[in-house]
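In what follows, chains carry the letters A, B, and so on, assigned in the order in which the sequence lines appear, proteins first and then strands, with residues in each chain numbered from 1.
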Amino acid sequence: MIRAEDVFRTFQEHRGEAIVIPTGTSGRHWMDFTTNEKRDLNLGGAMGQTTSAALGLALSLPQEKVVLFDSEGALLMNMGILATIAGKKPKNFFHFLLDNECYATTGGQPVPNAEEINYAGVAKEAGYAAAYSFTDLEEFATSVDQIMKETGPVFVAIKVVPEVENEPIGRRQRRPSRSRAETIRDLHSELGITVA
Amino acid sequence: MVEQQRAILSPETLIEEFNKNGVTHVVTIPDSETNYLYELMKEQPSLEIVPASREGETFAIALGLIIGGKKPVCLIQNTGMLESGDSIRGMALDSGFPLVMVVGYRGWNRHGVITDSVARYTEPFLNAMRVNYYLVEQDADASRISLAFEEASKTKRPVAILVGDEYHGFNRV
């Protein structure tokens with residue numbers, strides 16, 4: 001297993017100008033490594049549907065690379081999206097999955113079939129152009145540059161160390177982060193987009 | 001019989017309204033009842049179809065498209081709309097963007113008793129979500145489709161069009 005912060009530290013060097021959408025408990029580490037916040041997007045709002053929103057964004061901006069850092073708990077809630085994505089074949093879509101094998105934010109209960117399911121295998125058979133699995137940081141580090149040059153949709157499953165939260169929600173320390181609306185406004189300003 | 005034929009909502013009318021209102025994408029679950037509409041949409045150079053696997057996806061895909069500057073509609077059946085509750089809340093209502101959802105009103109009948117339970121729950125569901133809606137049953141109602149687009153744009157909220165002619169007009173034989 002790899003620490004989520006090491007995934008992001010490694011990925012950042014290969015981000016280029018990509019729009020990055022982090023999700024889940026692991027995803028919050030992205031804010032420590034991003035160097036282009038105006039191209040970071042918060043698309044949370046309904047668990048299991050951030051993946052769908054990321055697809056919509058990729059379809060609407062085919063000239064931009066769109067990178068989603070998904071979580072396995074969310075993906076399991078809407079696994080059909082893999083077929084939806086594969087069907088539309090967005091060449092600019094890079095779907096990373098940070099798989100900690102549990103619902104970390106609710107105390108670490110395992111997700112269904114946590115240790116045996118092969119998400120990259122599911123994505124590949126659903127029709128993704130390419131799919132990879134990583135459990136070792138060095139292997140990921142030597143592969144990510146080439147992966148980001150591939151034609152999408154590409155799926156990258158990464159086993160990450162769970163960061164289980166057991167504190168009641170009201171007592172948890174939350175670092176300030178931009179709201180979804182703020183990140184959308186910033187992206188619109190960055191790309192010169194106006195909504196009809 | 002002649003009167004009955006005239007009273008349908010033709011797929012061409014929906015397409016015309018989509019084009020008039022600048023729709024770029026139709027995010028949808030195709031079904032056999034709306035096959036002719038689907039075929040007609042595929043022929044439109046101005047429309048891109050995004051087939052979804054489950055109705056809840058359509059609202060999130062639409063949000064992504066809107067953020068990227070496109071103008072999608074969600075085209076689903078009322079059964080799937082019920083499944084989409086959390087997505088409508090989190091991805092449409094809470095987003096503050098206009099969105100028109102075209103919903104096949106399965107089970108709707110102006111005459112006699114409604115026997116399909118999904119028709120009984122459709123309008124209460126929309127009322128509970130505070131989503132306004134327009135019933136469209138025939139071509140003469142077409143202007144209500146544009147009204148829905150105008151309302152969505154003005155209020156920056158989702159607005160529904162309930163297609164009450166689902167089983168007659170869309171599947172041209």
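Looking at A/Met79, there are no atoms closer than 4.5 Å to chain B (heavy atoms on both sides), in backbone or side chain. When heavy atoms are compared at a cutoff of 4.5 Å, A/Leu61 approaches chain B solely by way of its side chain, counted from C-beta outward. Of the two parts of B/Leu63, only the side chain, counted from C-beta on, holds a non-hydrogen atom closer than 4.5 Å to a non-hydrogen atom of chain A. Looking at A/Leu43, the atoms closer than 4.5 Å to chain B (heavy atoms on both sides) sit in the backbone and in the side chain alike. Using a 4.5 Å cut-off between heavy atoms, A/Leu191 makes no contact with chain B at all. Residue B/Pro72 does not touch chain A at all, counting heavy-atom pairs closer than 4.5 Å.
Hydrophobic cluster membership is shared by B/Ile15 and B/Val23, with clusters built from Ile, Leu, Val, Met, Phe, Trp and Tyr side chains linked at under 4.5 angstrom. By the rule that hydrophobic residues join a cluster once side-chain heavy atoms approach within less than 4.5 Å of another member, A/Val161 and A/Phe8 end up as members of separate clusters. A/Met1 and A/Tyr132 sit in two unconnected hydrophobic clusters of ILVMFWY residues. Membership requires side-chain heavy atoms under 4.5 Å apart, directly or through other members. One hydrophobic cluster, built from ILVMFWY side chains closer than 4.5 Å, holds both A/Leu187 and A/Leu68. Linking Ile, Leu, Val, Met, Phe, Trp and Tyr residues whenever their side-chain heavy atoms come within less than 4.5 Å leaves A/Val156 and A/Phe93 in two separate clusters.
Interface remark: of the candidates A/Ala53, A/Gly45, A/Ala46, A/Ala53 forms the most heavy-atom pairs closer than 4.5 Å to chain B. Between chain A and the options B/Ala52, B/Gly56, B/Gly96, heavy-atom pairs under 4.5 Å are most frequent for B/Gly56.
Residues of residues 133-155 of chain A lying under 4.5 angstrom from chain B, judged on non-hydrogen atoms, do not exist.
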Any donor-acceptor pairs between chain B and chain A, under 3.5 Å? If so, list them.
unit_1: A/Gly45; atom_1: O; unit_2: B/Arg89; atom_2: NH2; d: 2.8
unit_1: A/Gly80; atom_1: O; unit_2: B/Ser53; atom_2: OG; d: 2.8
unit_1: A/Ile81; atom_1: N; unit_2: B/Glu57; atom_2: OE2; d: 3.3
unit_1: A/Thr84; atom_1: OG1; unit_2: B/Ser53; atom_2: N; d: 3.2
unit_1: A/Thr84; atom_1: OG1; unit_2: B/Ser53; atom_2: OG; d: 2.6
unit_1: A/Thr84; atom_1: OG1; unit_2: B/Glu57; atom_2: OE1; d: 2.8
unit_1: A/Lys88; atom_1: NZ; unit_2: B/Glu48; atom_2: OE2; d: 3.0
unit_1: A/Lys88; atom_1: NZ; unit_2: B/Ile49; atom_2: O; d: 2.8
unit_1: A/Arg180; atom_1: NH1; unit_2: B/Gly90; atom_2: O; d: 2.9
unit_1: A/Arg180; atom_1: NH2; unit_2: B/Gly90; atom_2: O; d: 2.9
unit_1: A/Arg180; atom_1: NH2; unit_2: B/Asp94; atom_2: O; d: 3.4
unit_1: A/His188; atom_1: NE2; unit_2: B/Ile67; atom_2: O; d: 2.7

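Side-chain atoms of B/Leu65 and A/Leu57, non-hydrogen and from C-beta on, never get closer than 4.5 Å to each other.
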